[in-house]
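Written out below as structure tokens is the structure these notes cover.
Lettering follows sequence order; numbering is per chain, from 1.
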Protein chains: 2
Amino acid sequence: MLKRERHEQIMRQINLHNRVLTTDLVDMLQVSEDTIRRDLQELSESQKLLKVHGGALSRSYQSAYDDNAIYAREAKIVIAKKTISLIKNGMVILTGGGTTIIELVKQLPVHLKATFFTISPFVAIELAKYDGIEVILIGGIFSKNSKVTFGGHVISQLAGINADLCLIGTSAIHPEYGLTDTDWEINELKKAMFQCSKHVAILCISEKLDITLRLKVAGLENIHHLITELPAEEECLREYRSRGLNIH
Amino acid sequence: MLKRERHEQIMRQINLHNRVLTTDLVDMLQVSEDTIRRDLQELSESQKLLKVHGGALSRSYQSAYDDNAIYAREAKIVIAKKTISLIKNGMVILTGGGTTIIELVKQLPVHLKATFFTISPFVAIELAKYDGIEVILIGGIFSKNSKVTFGGHVISQLAGINADLCLIGTSAIHPEYGLTDTDWEINELKKAMFQCSKHVAILCISEKLDITLRLKVAGLENIHHLITELPAEEECLREYRSRGLNIH
DNA sequence: ACACGATCTGCGTGTTTATGCGGGAATCTG
DNA sequence: CAGATTCCCGCATAAACACGCAGATCGTGT
């Protein structure tokens, strides 16, 4: 068994189960523990997976609880500040939910006059602190997981909206496969949000770049702006720029 | 189960319910109490959650309302407990907003199966912590004062709802003049809510009894239950009972 | 063909980490 | 204040890990 083959096998397991145990790999690939350990070491160094005591985890799947981590918050504030340059007085803006969007709302200029449509109660509550902003909460079934409203009712209401800009956080983006996620209902929702907006901006911390999940939301051709905490000229964003996105 | 996985599971629970019990985690993750305790210890040290006796709490959203700042909280808890006797499995319930209703939601039985329509994002967020409850948030313009959705869009959606019970807090109630309030838009909203519900229950702390404000919402004949923190036989409730309300 | 270096692999050894258990302290609840 | 629960501390153990070394393999240049 060649090293490259092992690496592929390991990554296949990671993509399939989001986790893998060192001992299982020893058994599966018929090599010594040390070899597996060295493999995981290398894959970890090249950011392909997350090495932990006892095995390894998918890098995309760790997202859930990084939200409160300080470094991620810092990154999100940077993203928020960049995003503000897209927002002008008088705009009609449609937003999703998530901590990145919340952080954006907290950074908005105090005297902004705009209309915000949102599917997230948390975002609505935060937006309501600004006098100049009209907040419209789109109603529907409230998702216990994503903490946003969803379902057919939301989608049919979206059809009646014509927004200048759609701001949305994301779980995974990839130059080739575009936006992907894990929840079918939420995906349909995002598609509908994209359709009723003139421009779409994706807010995305860098660790979610170059990752794919199971379900496709939209190709990059439907997205106009990509906003990360990295400098726009960063190498790992090159692929995205060459596909026509505005990188901030 | 890898340590890191456990940490993610724990954080998922925290993000979902804002709280978690050590014993539940022991049961859920199938490890010893000490291990859970050590996990919580670590997550607490890295500021991911707030460790407390018996479990842990979310660090970020310790409820949008500050528990201790709620006026007459004890009274509202009494009201909540009385109200629960009106709620049965399978019901469709429509609620307004306000701290009294929030307190009610917090006291609901864990295994209740019901459908709740609400115009308050805060109430929706609180309701979402119950697995057995389906939460539907009615969308519309978000009022910066009352923290509920309102406007024509809300009223037209209410017309399509047929609820078993409408639960609503109040600013003022009087034996003769009925329910009164100060905000015309919110009044229209409450009228619409009453119309689409078979029964209406008013949750009301005693100091708001026998008071009138400028605008009339509804006469007592439209109300079926009056719930206060006082014993039902209290003298000052006699007038209300004689007008046909169920006093709790 | 052969020597050489680079890479890969497995083994032995000692270290670190993770976990469960017991007993006593601290805290909660009625 | 008394009983129950929860917490904390030290210890024991097994698993996982890091490191150095040596043998195997392979490609390359002479």
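- In terms of phosphate contacts, A:K3 brings no side-chain nitrogen or oxygen within less than 4.0 Å of OP1 or OP2 of D:dC26.
- Between B:L21 atom CG and D:dT6 atom P there is a gap of 9 Å when expressed in whole angstrom units.
- For A:E8 and A:R4, the salt-bridge test fails: no basic side-chain N is under 4.0 Å from an acidic carboxylate O.
- Residue B:T22 has a polar side-chain atom (N or O) positioned under 4.0 Å from OP1 or OP2 of D:dC7.
- In this structure, CZ of A:R6 is placed 8 Å from C1' of C:dC8, rounded to the nearest angstrom.
- Side-chain contact check for B:T95 and B:T118: at least one donor-acceptor pair (N or O, by modelled atom type) lies under 3.5 Å.
- For C:dC21, its base sits under 3.5 Å from the side chain of B:D34 at one donor and acceptor pair at least.
- Within the structure, every side-chain polar atom (N or O) of B:R37 is placed at least 4.0 Å from both OP1 and OP2 of D:dT5.
- As rounded to whole Å, 11 Å separates atom P of D:dC17 from atom CG of A:L25.
- For the 3.5 Å distance criterion, the side chains of B:Q13 and B:Q9 fail to qualify, holding no donor opposite an acceptor.
- We find that NE2 of A:H7 is positioned 12 Å from C1' of C:dT9, with the value rounded to whole Å.
- Among the atoms of the strands shown, none is found under 4.0 Å from any heavy atom of B:V26.
- Using a 4.0 Å cut-off, some side-chain N or O of B:T35 falls inside it from OP1 or OP2 of C:dG20.
- Atom pair A:L29:CG and C:dC8:P shows a separation of 16 Å (rounding to whole Å applied).
- Note that OG1 of A:T35 is 5.5 Å distant from CZ of A:R6, once rounded to the nearest 0.5 Å.
- When heavy atoms are screened at a 4.0 angstrom cut-off, A:R4 is found touching no nucleic acid atom at all.
- Between the NE2 atom of B:H53 and the C1' atom of D:dA4 there is a distance of 10 Å, rounded to whole Å.
- Atom CG in B:L40 sits roughly 13 Å away from atom P in D:dT6 (whole-Å rounding).
- B:H225 and B:H199 share no side-chain donor-acceptor pair at under 3.5 Å.
- Residue A:R38 places no side-chain N or O under 4.0 Å from the OP1 or OP2 atom of D:dC17.
- The interatomic distance linking A:I36 (CD1) with D:dA15 (C1') rounds to 17 Å, in whole Å.
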